[in-house]
2 protein chains.
Amino acid sequence: MTQGRPRAFDGETALEQALLAFWQHGYDATSITVLTEAMGINASSLYAAFGDKRSLFTAAVRRYLQGPARFTTMALEGAPTAREAVERLLRAAAVTYTAPGHPPGCLVISAATNCTPGSLDVQAELRDIRAQGRQALTQRITAGIVAREMPPETDAHALAAFYAATLQGMSGLARDGSTHAELDHVATAALAAWPG
Amino acid sequence: MTQGRPRAFDGETALEQALLAFWQHGYDATSITVLTEAMGINASSLYAAFGDKRSLFTAAVRRYLQGPARFTTMALEGAPTAREAVERLLRAAAVTYTAPGHPPGCLVISAATNCTPGSLDVQAELRDIRAQGRQALTQRITAGIVAREMPPETDAHALAAFYAATLQGMSGLARDGSTHAELDHVATAALAAWPG
DNA sequence: CCACTTCTGGAACGATCGCTGTAGAATTCG
DNA sequence: CGAATTCTACAGCGATCGTTCCAGAAGTGG
């Protein structure tokens with residue numbers, strides 16, 4: 001079985017560059033031309049390696065979830081209490097949303113806000129991920145209530161919605177140019193709303 | 001001075017339809033075709049009446065600020081205390097962001113999140129409006145501190161950033177399908193973080 | 001070296017983008 | 001009724017969109 005001409009680029013680094021482009025401008029606003037220039041490859045190579053723009057975006061999202069967004073699951077699963085989990089979540093978000101080396105804010109929150117009718121499925125893809133994250137947050141809070149860390153009448157869904165809103169807001173502030181210190185203050189203020 | 005052929009459409013209602021279209025899909029994702037269909041006029045009439053797409057968007061934003069977004073200035077200026085002002089702001093946002101008859105969320109927050117390089121000035125236009133709103137919120141909180149409604153060591157900027165983030169988050173949740181009741185719970189939780 | 005396979009580079013596809021030119025319809029003034 | 005003016009309808013502009021086709025380059029197996 002013959003082998004054929006080898007690739008002139010590394011697929012992982014090319015995908016990383018595509019991720020950064022999508023992260024900055026969002027799905028619709030990132031053209032194939034911008035992608036090929038960022039990835040350092042031609043359109044033919046892009047389509048041969050990643051299928052089409054839609055598939056490339058999904059691959060970039062998967063890379064994002066396993067990379068920069070790892071802190072979300074780490075915070076929710078690694079903390080001893082629900083309160084500690086939420087605090088780690090917000091503090092880590094303040095760091096990641098303003099970290100150098102990549103665009104500010106969260107890709108899952110901001111990359112498919114303005115969608116053309118032809119790419120509503122992209123919007124749905126990210127919304128599903130947000131819904132999963134919010135459900136995980138709700139479950140972690142519920143576990144804290146069951147463990148009697150907070151009053152039994154605590155509304156886990158409402159509290160999860162509040163901290164999900166805080167995360168979305170922090171992402172928006174970061175995109176508007178807020179610093180890590182500002183976002184950390186927002187996290188501190190939000191944690192002051194913890195029940196009990 | 002002769003008069004010429006009269007318009008076959010009402011400029012205000014046409015602008016209202018353009019506002020709704022921009023509100024739903026954002027600036028870049030709203031094509032001229034979508035606008036003309038929503039406004040019920042042809043491209044020629046649109047350009048004769050509003051200049052170009054960019055000018056039409058600015059006109060729609062102005063109409064938005066004087067219409068659906070009036071609650072922001074009303075809340076900040078009409079309340080007797082800073083705490084009451086922020087509560088009115090969040091409660092009214094929960095109502096407006098989920099009100100029927102128009103898209104969910106806030107146009108100023110969500111209409112220019114994903115921008116092509118050619119429309120960065122649109123992004124800047126909305127960011128400036130957000131910055132003005134945040135400054136007004138900071139000033140109202142500062143006035144409350146001066147009036148000894150809250151501890152003198154209160155950080156007005158951090159608190160304003162927190163409630164600005166809450167508003168952005170509520171807009172995002174509304175766009176994801178949250179109900180008025182959910183957003184009102186978020187507002188309640190955020191108000192629990194009030195200092196003092 | 002040749003056959004075979006895979007990737008690269010560049011041109012070009014149809015569709016859509018924002019926008020405009022042109023012809024004709026609708027109104028007022030003289 | 002013309003003359004002048006302003007709007008409407010429609011075709012079409014150049015540019016860009018995502019995508020594909022094709023010739024040639026770069027490898028391996030015989």
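Everything quoted here is computed from the prediction, not taken from an experiment. Residue numbers begin at 1 in each chain, while the letters A, B, ... track the order of the sequences.
Between Asn42(B) and the phosphate of dA9(D), there is a side-chain N or O to OP1/OP2 separation shorter than 4.0 Å.
Residue whose closest nucleotide on DNA chain D sits further toward the 5' end, between Leu46(B) and Gly4(B): Gly4(B). Comparing Arg5(B) and Pro6(A) along DNA chain C, the residue whose closest nucleotide (by nearest heavy atom) sits nearer the 5' end is Pro6(A).
In this entry the distance linking CD1 of Ile32(B) with C1' of dC19(C) reads 8 Å, nearest Å. Rounded to an integer number of Å, the gap from CZ of Phe9(B) to P of dA26(C) is 17 Å. Computed from coordinates, the Tyr47(A) OH to dG18(D) P distance equals 7 Å when rounded to whole Å. Atom CD in Gln3(A) sits roughly 22 Å away from atom P in dC2(C) (whole-Å rounding). Atom-to-atom, CG of Asp28(A) to P of dG18(D) comes out at 8 Å; the value is rounded to the nearest Å. Summarising the geometry, the separation between OH on Tyr27(A) and P on dC17(D) is reported as 13 Å, rounded to the nearest angstrom. Counting to the nearest Å, the P atom of dT6(C) and the CZ atom of Phe50(A) are 18 Å from each other. To the nearest angstrom, P of dT19(D) lies 5 Å from CG of Asp52(A).
Contact annotation: side chain of Ser44(A) to base of dC7(C), donor-acceptor pair absent below 3.5 Å. Below the 3.5 angstrom threshold, one finds no donor paired with an acceptor across the side chain of Ser45(A) and the base of dG9(C). Counting distance only, with no hydrogens placed and no angle test, the side-chain atoms of Thr33(B) and the base atoms of dC17(C) include no donor-acceptor pair under 3.5 Å. The base of dG18(C) has none of its N or O atoms less than 3.5 Å from a complementary donor or acceptor on the side chain of Ser31(B).
Salt-bridge formation is not detected for the pair Arg70(A)/Glu77(A): no Lys NZ or Arg NE/NH1/NH2 atom is positioned less than 4.0 Å from an Asp or Glu carboxylate oxygen. Look at Arg54(B) and Asp121(B) and you find a salt bridge, because one of the NZ, NE, NH1 or NH2 atoms lies within 4.0 Å of a carboxylate O, short of that distance. A salt bridge is defined here as a Lys NZ or Arg NE, NH1 or NH2 lying under 4.0 Å from an Asp or Glu carboxylate O, and Arg63(A) with Glu12(A) meets this definition.
At a threshold of 4.5 Å between non-hydrogen side-chain atoms, the residues Trp23(B) and Pro68(B) count as touching. Contact of the Tyr27(B) side chain with the Lys53(B) side chain is registered, since non-hydrogen atoms from C-beta on lie closer than 4.5 Å.
Looking at heavy-atom distances under 4.0 Å, Ala8(B) makes contact with sugar-phosphate atoms alone, never a base. Across all strands shown, Thr30(A) has heavy atoms under 4.0 Å from sugar-phosphate atoms exclusively, and none from any base.
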